[in-house]
2 protein chains.
Amino acid sequence: MKNKKGNNGNVTLKEVADALGVSTMTVSRAINNKPNVDEKTRERILKTANEMGYTPNLVAKSLVSSKTYSIGVVIPEISHSFFPEVVKGIEEIANKEHYQIFLTNTSEDFEKEKKSIEALRAKRVDGILVSSSQTEEDFSYYEKIIDSGLPLVFFDRCIGNIGASCIGVNDFAASQQITEHLINRGYKKIGYLSGPKKVSIGKERFDGFVAALNKHGLDLNEKWVTENGYNEKDGYHAMSTLLKLPENERPRAIVAVNDPVAIGAMEAIREAGMKVPDDFAIVGFSDDIRAELMPSPLTTVHQPAYEVGKKAASKLIKTIEDNTEPIESVQLITKLIIRKSCGSS
Amino acid sequence: MKNKKGNNGNVTLKEVADALGVSTMTVSRAINNKPNVDEKTRERILKTANEMGYTPNLVAKSLVSSKTYSIGVVIPEISHSFFPEVVKGIEEIANKEHYQIFLTNTSEDFEKEKKSIEALRAKRVDGILVSSSQTEEDFSYYEKIIDSGLPLVFFDRCIGNIGASCIGVNDFAASQQITEHLINRGYKKIGYLSGPKKVSIGKERFDGFVAALNKHGLDLNEKWVTENGYNEKDGYHAMSTLLKLPENERPRAIVAVNDPVAIGAMEAIREAGMKVPDDFAIVGFSDDIRAELMPSPLTTVHQPAYEVGKKAASKLIKTIEDNTEPIESVQLITKLIIRKSCGSS
DNA sequence: ATTCGTAATGTTAACGCTAACATTAATCTG
DNA sequence: CAGATTAATGTTAGCGTTAACATTACGAAT
């Protein structure tokens, strides 16, 4: 409205230069604190640039430097309390290093995930941080991405051994540990509410569960294992299925792939008129913000979400800024949080 | 690792053109589905471009068009359950319209907010979506932004009458309504845990509270009003202060500016060995994911967070794409959620 | 065939900026 | 004070793309 050119009312280097009768290079040097500019000239330029409301055009700068100081973040579901914490950590580090983050939510949809990544790539982000909704079936997509040289760090849900770093937690061990906690409390009939095993965490946690059973000589009862999604409604649905079994064929304890699923399952149990832990002991994973508030506070595995975010961002930025940065697989330490839902006092 | 040029392994239009012996314009036309390209040529080009792994460089495109298809989103605290829902709505609409979102978290820090916006502006985002941590004291910063012509839409926390649209809820009326609910239940000694009044929601909600008192001829007792932040610890701290009053000088009911504050306050009450609603009735605002799970489920005001996000994004995009789009102040409808913390049966 | 009209393709310049080289002005040196 | 340094400034070209104009090709109409 107050501007002639197409640059949306933004002042350009050249305009500042013309206003002062110097060359654009001198202005560029002055503004970017490059050497070989007379101190007086620099001050004059800075003053005028400021008065004119000059803001550097990073788009143009990026075209020259092929560096955007933007990183893409691909998340399966922002409304899970785990992810906002992760994002907070990512944002904090990115910001400190003068990067901005593009956030995309895929709603656990691999197609949407791929589309988002294409969009990010077209925007020439310097790298991407991905928690994938499909890590086990078809690697080819990510193999291509990594091959193309786009710096990529997985977090939480990783694809292993394809040349990208991974920042997660020890899902296998933690899942085994929490299952063993149940076993040690005397439960023998233990069911498992799984998420899709095409996702690393789905597979790892399930494997940890099975390992715990094996270690203690317990059998895996296929009828007690369901595979659904990662949300409350999935847990509700899965538990409803188990509740349809004749009473004497039901498990006595439940391990859920994550807290939302556990919370959904608890709802199904409550609706069926039964109680946690009296009728069913149950444990989750992730220490959702709601976990301790449940009618029967949920025993779960606490994940250091904020730390995962910080570590992932810092690893990505290192990888971007130094291509000799080694590929690394980091497993942050989880903590078993024992509450009442498993029947502990 | 497999590339000669500086373009980070990205294939350029010119490279595709050279590979086929045509001009870059022809390739550009073919790829962008412009008319006047022979069908056979187009197919040949598309095929080769695909084989070579061509991805358009949006940075270059943006420089030409001065349009980035990026929007900035400025949020005070992503870990509040309200905001991830909003972001989800924003992302959904933005994505549908082929925009990407830059997410920044300001941690309620106005200085950080300004820095983020400068960074977004330098990146030449097409517009910004802001929930500001300071909406009442000094408008000059945002006046300058709006004056500069950068499309801006506020959400949740707005600055009114300075030329930007605002998507929020009717904080005043909802706060008045929930306070009246308390009054109607017979409470007369009502305290208020406020957030900073330099933020619109802080002011509006407090004013609604006062209006309800006035309407029913109740006095505002200054000693029962505290002003802190918007988080759990702030609520805890504020309530602790009230609890230091001699027993007969304490309020009997509490209105909290939002749910996190109410939840913090409930914790303080519990630690003091008292009960909700028996010793203190309490109500919140925002319908946090934890509200219904509290030991005494929290009566609160439900805000349509997801809708706020969708509406804000769509308003911003309309404003970006059509500068005759009118400035608008939208108040979405909240819903009073009555649970047990206010003493209702 | 010649001319014309349109479809297909090409060329140039520009978006805002900076690296690299070129020039000019200021400062030394003996 | 001439000649040589060095500091300050300027000029050119190019990052990848597209708008605008220029040229060429080709089938249709005479």
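Convention: sequence-line order gives letters A, B, ...; per-chain numbering from 1.
- The side chain of B/Asn32 has D/dT18 as its nearest neighbour among C/dT18, D/dT18, D/dT9.
- With sequence neighbours left out, the side-chain contact (heavy atoms from CB on, under 4.5 Å) criterion links A/Glu108 to A/Pro76, A/Ser133, A/Arg157, A/Tyr230.
- If you find the closest nucleotide of DNA chain C to A/Thr24 and to B/Asn36, the one lying nearer the 5' end belongs to B/Asn36.
- Panel note: side chain B/Thr24, backbone B/Leu13; no donor-acceptor pair is recorded below 3.5 Å.
- If you check C/dA8, D/dT9, C/dC17 against the side chain of A/Val64, the one that comes closest is C/dC17.
- Between B/Thr12 and D/dT17 there is a side-chain polar atom (N or O) within less than 4.0 angstrom of OP1 or OP2.
- Side chain to side chain, B/Ser140 and B/Asp138 meet the donor-acceptor criterion of an N or O pair below 3.5 Å.
- With C/dG10, D/dT9, D/dT18 as the choices, the nucleotide that has an atom nearest any side-chain atom of B/Thr26 turns out to be C/dG10.
- When the C1' atoms of four end pairs are superposed on the next four at each end of the helix from C/dA1-D/dT30 to C/dG30-D/dC1, using five pairs per end, the two resulting axes differ in direction by 50°, to 10°.
- Side-chain proximity of A/Ser28 to C/dT18, C/dG16, D/dA8: nearest is C/dT18.
- Side-chain proximity of B/Leu63 to C/dC15, C/dG10, C/dC17: nearest is C/dC15.
- Proximity of B/Lys34 to the phosphate of C/dA8: no side-chain N or O atom is located under 4.0 Å from OP1 or OP2.
- The side chain of B/Lys14 places no N or O atom within less than 4.0 Å of a non-bridging phosphate oxygen (OP1 or OP2) of D/dG14.
- Across all strands, B/Val22 comes closer than 4.0 Å only to sugar-phosphate atoms, never to a base (heavy-atom distances).
- At least one side-chain nitrogen or oxygen of A/Ser23 sits closer than 4.0 Å to the OP1 or OP2 atom of D/dG10.
- For B/Glu137, there are no side-chain hydrogen bond (donor to acceptor under 3.5 Å, both in side chains) partners at least two apart in sequence or on another chain.
- Of the listed nucleotides (D/dT17, C/dA8, C/dA19), C/dA8 has the atom at the smallest distance from the side chain of B/Thr41.
- Looking at the side chain of B/Leu13, the nearest of the listed nucleotides C/dG16, D/dT17, C/dT9 is D/dT17.
- Between the side chains of A/Tyr306 and A/Glu92, at least one donor N or O lies within less than 3.5 Å of an accepting N or O.
- Between A/Lys61 and C/dG16 there is no side-chain N or O to OP1 or OP2 distance below 4.0 Å.
- Using modelled atom types, one finds no donor on one side chain facing an acceptor on the other under 3.5 Å when comparing B/Gln134 with B/Ser132.
- Of the listed nucleotides (D/dG10, D/dA19, C/dA8), D/dA19 has the atom at the smallest distance from the side chain of B/Met25.
- Between the side chain of A/Arg124 and the base of D/dG16 there is no donor-acceptor pair of N/O atoms closer than 3.5 Å.
- One finds a salt bridge joining B/Lys14 and B/Asp18 here, because a Lys/Arg side-chain nitrogen approaches an Asp/Glu carboxylate oxygen to under 4.0 Å.
- Regarding A/Asp38, its CG atom lies at a distance of 11 Å from the C1' atom of C/dA25, rounded to whole Å.
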